[in-house]
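Below is one structure; the comments refer to it alone.
Nothing fancy with the numbering, it's 1 onward along the sequence. Computed from a predicted structure; not experimentally measured.
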Amino acid sequence: MIKHITLLLLFFSLSMSAQDIFGNWQTINDKGEKKSTVKIYEENGVVYGKIIKINDQSKVNALCTKCEGDDNNKPILGLIIIKDAVKDGKYYKGGTILDPQNGNTYKLRLAINDKGQLQVRGYLGFIYSTQYWEKVK
């Protein structure tokens, strides 16, 4: 009986950790290219995501020349691209995501799908684009 309860608790804790958006994620763009690693973390109940690795070594020192405001001309490596998302049911939303390639900022929704991927959806009005990022092990 105790073994069954222990196994059940272990399974439950593993399934809960599989649903966690926090940690390092391999970004995969709409063309299926692995571009960077983003660390998603929480501060005071608010979610952020920071680029911690750029896969293309020729772009490691690139600046966000198309970004506006405080992010203009900042290094892309280390740039916080996910800002101000908060948990709302099964989603994290209410924040924004920055595309350093074009400098555009989009409304954001994050969720873990049934494959354990991070569904990253950026909205511009009613139009949206979705990427599926993979957890870095």
Quick one: does [X]'s side chain get under 4.5 Å of [Y]'s, heavy atoms only?
{"X": "Ile21", "Y": "Val47", "answer": "yes"}
{"X": "Lys137", "Y": "Asn24", "answer": "no"}
{"X": "Pro100", "Y": "Ile51", "answer": "yes"}
{"X": "Ile112", "Y": "Leu118", "answer": "yes"}
{"X": "Val38", "Y": "Ile40", "answer": "yes"}

(message) Around atom NZ of Lys87, are there more than 12 heavy atoms from other residues, nucleotides or ligands closer than 6.0 Å?
(response) yes
(request) Give a yes or no on whether Asn61 atom CG has more than 12 heavy-atom contacts from other residues, nucleotides or ligands under 6.0 Å away. (result) no
(request) Specify whether Tyr92 and Phe22 have parallel, tilted or perpendicular ring planes, treating 30° as the upper limit for parallel and 60° as the lower limit for perpendicular. (result) perpendicular
Taking atom types as modelled, find out whether [X] and [Y] have a side-chain donor-acceptor pair closer than 3.5 angstrom.
{"X": "Glu68", "Y": "Asn72", "value": "no"}
{"X": "Arg121", "Y": "Gln131", "value": "no"}
{"X": "Asp30", "Y": "Ser129", "value": "yes"}
{"X": "Thr27", "Y": "Ser36", "value": "yes"}

Heavy-atom pair of closest approach, residues [X] and [Y]:
{"X": "Cys64", "Y": "Ile76", "value": "N-CG1, 3.8 Å"}
{"X": "Lys135", "Y": "Asp20", "value": "NZ-O, 3.4 Å"}
{"X": "Gly45", "Y": "Val86", "value": "O-CG1, 3.7 Å"}
{"X": "Gln101", "Y": "Lys66", "value": "O-CD, 3.5 Å"}
{"X": "Asn102", "Y": "Asn104", "value": "OD1-N, 2.7 Å"}
{"X": "Tyr91", "Y": "Ala111", "value": "CD2-CB, 3.5 Å"}

(request) Scan for ring pair (Phe, Tyr, Trp, His ring centres under 6.0 Å) pairs involving residues 33-84, sequence neighbours excluded, and state none if there are none. (result) Tyr41-Tyr48
(message) Strictly by ring pair (Phe, Tyr, Trp, His ring centres under 6.0 Å), give each pair with a member in residues 55-81 just once, sequence neighbours left out.
(response) none
(message) I'd like to know whether the aromatic ring centres of Tyr123 and Tyr106 sit less than 6.0 Å apart in this structure.
(response) no
(message) Just verifying a value: how many Å separate Tyr128 OH and Arg109 CZ, rounded to the nearest 0.5 Å?
(response) 8.0 Å
Please tell me whether [X] and [Y] are part of a single hydrophobic cluster in this structure, the criterion being side-chain heavy atoms less than 4.5 Å apart.
{"X": "Leu110", "Y": "Ile52", "result": "no"}
{"X": "Leu98", "Y": "Leu124", "result": "yes"}
{"X": "Ile81", "Y": "Val60", "result": "yes"}
{"X": "Leu108", "Y": "Ile28", "result": "no"}

(request) State whether the side chain of Asn113 and the backbone N or O of Gln117 hold a donor-acceptor pair below 3.5 Å, judged by distance alone. (result) yes
(request) For a side chain to side chain contact (heavy atoms under 4.5 Å, CB included) with Lys34, tell me which candidate from Asn55, Asp56, Asn29 qualifies. (result) Asn55
(request) Apply the side chain to side chain contact (heavy atoms under 4.5 Å, CB included) test between Lys74 and each candidate in Thr65, Leu79, Ile80; give the one that qualifies. (result) Leu79
(request) Name all residues meeting the side-chain hydrogen bond (donor to acceptor under 3.5 Å, both in side chains) criterion together with Asp71; count only those two or more places apart in sequence or in a different chain, and write none if there are none. (result) Lys83
(message) side chain to side chain contact (heavy atoms under 4.5 Å, CB included) for Gln119 and Thr130? Distances and angles first, verdict last.
(response) CA-CA 7 Å; Gln119 180 190 65; Thr130 305; 3.5 Å; yes
